[in-house]
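Note that ligands are numbered from 1 as they come in the structure, with each ligand's atoms numbered from 1 the same way. Since this is a predicted model, take the numbers as computed values, not measurements. By convention here, the first residue in the shown sequence is residue 1.
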Amino acid sequence: MPTLQQPLIVVTDLDGSLLDHHSYRWDAAEEWLELLQQHNIPLVICSSKTAAEILPLQKKLGIDGAPFIAENGALVQLDPTERMRIPADSIAYAALCQTLSVLQSKYRFTGFHDFTDRDVSAMTGLSEADAALSRQRDASEVLVWRDSEEAFEAFRAELAALNLTLTQGGRFWHVMPAGSGKGEALRWLLHQLEGEPRITVGLGDGPNDGPMLDTVDYAVVIKGYSKTPVSLQRQDLSHIYHTTHYGPEGWCEGLDYFLT
Ligand SMILES: [Mg+2]
């Protein structure tokens with residue numbers, strides 16, 4: 001097991017992990033956040049949230065300036081001056097919405113682009129101001145599917161032909177560039193970080209966290225509300241811990257387990 005004295009990086013999902021699924025609070029994790037800071041251990045957010053949502057949150061968490069992964073791994077910010085889409089040649093958000101609007105003539109779905117801030121607020125429980133930040137997107141679209149399951153599979157196939165994929169988040173479906181995702185983004189980010197190799201600890205509660213949790217050295221699977229379980233490819237069971245608690249309590253439980 002690693003110790004706090006070793007060179008570590010902690011990579012974390014937000015909703016349902018560091019943040020409570022319902023209240024978006026992280027009070028239970030305060031003590032651990034301080035401990036990480038005292039030991040200069042970077043905390044890398046790896047979330048489906050947008051960069052616009054993550055930046056103010058980083059400030060509140062006391063980790064502004066740290067690298068982060070946004071939009072489920074379709075966007076990485078290395079430092080405040082360098083932000084890029086993953087993969088680098090993927091289409092920008094406006095072009096993605098254009099592509100999706102063509103598909104709306106065949107399938108019934110609604111994207112964040114089509115919603116108002118008030119709509120998004122009603123669906124998520126976010127304030128309208130925060131909902132506005134969630135609609136400031138760079139690289140992926142969030143959608144609510146309103147068509148049949150058969151249509152969904154046809155839609156998925158059409159997206160694949162356009163080099164796009166679908167990822168399930170905590171509440172919505174995310175249309176992402178092929179070759180992006182939390183795992184790909186994290187591997188790219190770790191490759192960019194210079195200096196000595198670091199031991200990585202990852203924490204997440206959703207199926208979209210699987211690739212990230214397969215990429216880190218130690219994986220904490222936080223008990224979640226998703227109907228789809230988190231499935232990992234890795235077989236090193238001693239490096240995987242499933243928490244008994246939800247959200248920030250589970251987040252602390254996982255760090256307690258691997259980093260005592
Ligand atoms: Mg989550």
Query raised in the report: Looking at the Mg ion (ligand 1), which N/O/S atom of Asp13 is the nearest one?
Result: OD2
Report summary line: d(Ile69 CD1, Ile45 CD1) to nearest 0.5 Å is 10.5 Å
Query raised in the report: Hey, is there an N, O or S on Asp15 sitting under 2.8 Å from the Mg ion (ligand 1)?
Result: yes
Requested in this report: Would you name the N/O/S atom of Asp205 that lies closest to the Mg ion (ligand 1)?
Outcome: OD1
Query - Asp217/Arg198 salt bridge by N-O under 4.0 Å criterion - result: no
**Report entry** Partner residues of Gln104 under the side-chain hydrogen bond (donor to acceptor under 3.5 Å, both in side chains) criterion, sequence neighbours left out
**Finding:** Asp114
Requested in this report: Inspect the surroundings of CD in Glu31 and state if more than 12 heavy atoms from other residues, nucleotides or ligands are less than 6.0 Å away.
Outcome: no
